[in-house]
2 protein chains.
Amino acid sequence: MSTTAPLRPRKAQIDRTATALFRARGFAATSMRELATALGLEAGSLYSHIKSKEEILHRVCFGLAESFFAGFAAATLDATAPVATQLRQAIEAHVRVLTSDSAASAVFLHEWRHLSEPARGEFLALRDRYEAAFRELIAKGVAAGELHTPDTAFAALTLLASLNWLPAWYRPEGKLAPDEIAHRLAEQLLSGLRHDG
Amino acid sequence: MSTTAPLRPRKAQIDRTATALFRARGFAATSMRELATALGLEAGSLYSHIKSKEEILHRVCFGLAESFFAGFAAATLDATAPVATQLRQAIEAHVRVLTSDSAASAVFLHEWRHLSEPARGEFLALRDRYEAAFRELIAKGVAAGELHTPDTAFAALTLLASLNWLPAWYRPEGKLAPDEIAHRLAEQLLSGLRHDG
DNA sequence: TAAGCAGGCTAACAGCCGTTAGGAAGCACG
DNA sequence: CGTGCTTCCTAACGGCTGTTAGCCTGCTTA
């Protein structure tokens with residue numbers, strides 16, 4: 001029983017450094033030579049660890065997608081709980097993923113369009129499925145009389161939009177802890193959704 | 001008394017086409033040769049009209065900033081009106097700018113970081129000022145007892161986040177007219193802010 | 001008719017791009 | 001010792017980058 005060390009620690013380090021650069025400069029504007037320099041390497045050396053530049057982006061985007069789905073699944077595991085509770089937990093799970101790695105989150109949110117097909121299409125399908133999961137949860141809440149909104153799809157988009165702006169301003173050293181942020185966001189968003197709020 | 005034609009129509013056309021490409025592929029991933037091809041030109045010919053690639057981005061970003069400020073100023077012109085009314089009008093003005101040119105809006109929101117200094121810093125200062133204007137309006141509403149929120153800055157960020165996600169999904173040919181979108185967004189956001197909503 | 005200018009062309013510039021080939025250290029393990 | 005693996009190097013590849021210089025055409029206006 002031990003904390004499993006990464007199979008290829010250097011590769012993981014490349015991913016982390018690349019993610020930070022992709023976030024700061026954008027995928028297209030980040031060169032392999034910049035990435036290598038940031039790691040204290042020559043550009044060619046990177047290719048002992050990775051297959052291509054896009055492969056890094058692919059791993060970041062799809063890895064984070066998996067985290068989001070896992071968080072949502074855990075939050076809605078007890079389907080008999082009040083929908084408002086499930087939604088609050090889903091919001092908190094989403095915020096937890098966003099704050100635990102805000103650089104990767106920013107890349108996930110903005111740089112996916114530099115994926116080439118078919119990865120790009122697969123990514124968008126995943127994103128749609130995730131949005132649909134929130135939409136259906138809200139719809140379930142409306143049907144149960146726990147939530148109210150004139151437009152379920154609209155409400156889901158607005159909710160995710162509010163959450164996804166977080167990586168743009170969140171700083172780990174800021175005065176608000178992730179849990180506190182998640183709580184306030186859920187409060188503010190739900191008070192606009194909750195019936196007789 | 002006539003509708004003033006652009007001083008240099010070709011230049012305006014370059015800006016529009018570039019904006020669409022910047023939005024679709026990103027600034028860094030859009031080449032001058034791609035842009036020229038989209039306009040039926042050779043790359044070198046562009047430089048009869050513009051000084052540089054970044055000049056286009058500069059014009060788009062700062063032009064839109066001006067539109068946002070003008071909209072906000074018009075919405076809050078009557079400072080004696082209820083703050084909730086002013087805020088609703090400011091939201092509607094913001095949405096009107098976003099929907100009237102969603103490509104330029106997307107560039108404004110995501111591609112500004114490819115501006116080099118000092119333009120980048122100037123842009124961020126403008127954006128901060130705009131956010132502050134919303135923050136102060138909300139604070140005024142809280143002081144007047146018209147609005148409620150535990151955290152004014154938080155509320156302003158969430159509000160703008162919800163609005164700024166719009167260019168990501170808005171389609172001019174969609175079933176919702178811009179005014180209807182603005183109305184629903186304002187409704188959903190205010191019902192979460194308004195006291196005893 | 002002459003002058004000027006807007007708008008376009010071709011060709012080329014220096015430099016950066018992602019990626020590959022081939023080799024050489026250092027280390028672990030039989 | 002020898003094998004194999006990880007990690008890094010140098011050098012180079014073809015191709016694309018933003019931008020410039022110089023030239024030509026055709027319209028507008030005096």
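Below, all heavy atoms of this structure are taken into account, side chains as well, without hydrogens, waters or symmetry copies. Reminder, nothing fancy here: chain letters follow the sequence lines and each chain counts from 1.
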Discussion item. Classify the ring geometry of B/Phe72 against B/Tyr130: parallel below 30°, tilted from 30° to 60°, perpendicular beyond 60°.
Written reply: perpendicular

Contact list (N/O, under 3.5 angstrom) for nucleotides 4-10 of chain D vs protein:
unit_1: D/dC8; atom_1: OP1; unit_2: A/Arg10; atom_2: NE; d: 3.1
unit_1: D/dC8; atom_1: OP1; unit_2: A/Arg10; atom_2: NH2; d: 2.9
unit_1: D/dC8; atom_1: OP2; unit_2: A/Arg10; atom_2: NE; d: 3.1
unit_1: D/dC8; atom_1: OP2; unit_2: A/His49; atom_2: NE2; d: 3.0
unit_1: D/dC8; atom_1: N4; unit_2: A/Ser48; atom_2: OG; d: 3.4
unit_1: D/dC9; atom_1: OP2; unit_2: A/Glu42; atom_2: N; d: 2.8
unit_1: D/dC9; atom_1: OP2; unit_2: A/Ser45; atom_2: OG; d: 2.6

N/O donor-acceptor pair under 3.5 Å between [X] side chain and [Y] backbone:
| X | Y | result |
| --- | --- | --- |
| B/Glu55 | B/Ile50 | no |
| A/Gln86 | A/Ala81 | yes |
| B/Glu117 | B/Gly121 | yes |
| A/Ser31 | A/Glu34 | yes |

Item to complete: Residues of residues 110-121 of chain B with any non-hydrogen atom less than 4.0 angstrom from an atom of DNA chain D: list those, numerically ordered, please.
Response: none

Item to complete: Name the first nucleotide and the last nucleotide along DNA chain C (5' to 3') that come under 4.0 Å of a heavy atom in chain B.
Response: C/dG7 to C/dA12

Worksheet item: Can you tell me how far C1' of D/dC13 sits from CZ of A/Arg33, to the nearest Å?
Response: 11 Å

Worksheet item: Could you give the CG-to-C1' distance, from B/Leu46 to D/dG18, as a whole number of Å?
Response: 11 Å

Item to complete: Tell me whether the centres of the aromatic rings in B/Phe22 and B/Phe108 are closer together than 6.0 Å.
Response: no

Worksheet item: Looking at B/Tyr47, does any N or O in its side chain come under 4.0 Å of the phosphate oxygens OP1/OP2 on D/dT19?
Response: yes

Discussion item. Run the side chain to side chain contact (heavy atoms under 4.5 Å, CB included) test on A/His114 and A/Glu54 for me, step by step, so that the C-alpha distance in whole Å, both residues' side-chain angles and the decisive distance to 0.1 Å come before the verdict.
Written reply: CA-CA 8 Å; A/His114 294 106; A/Glu54 183 173 337; over 6 Å; no

Item to complete: Could you verify whether a donor N or O on one side chain and an acceptor N or O on the other, from B/Gln13 and B/Arg16, lie under 3.5 Å apart?
Response: no

Discussion item. Checking side-chain polar atoms at under 3.5 Å, does A/Thr158 have a donor or acceptor matched by the opposite partner on B/Ser162?
Written reply: no

Worksheet item: Between B/Arg88 and B/Glu187, does at least one N-O distance fall below 4.0 Å, as a salt bridge requires?
Response: yes

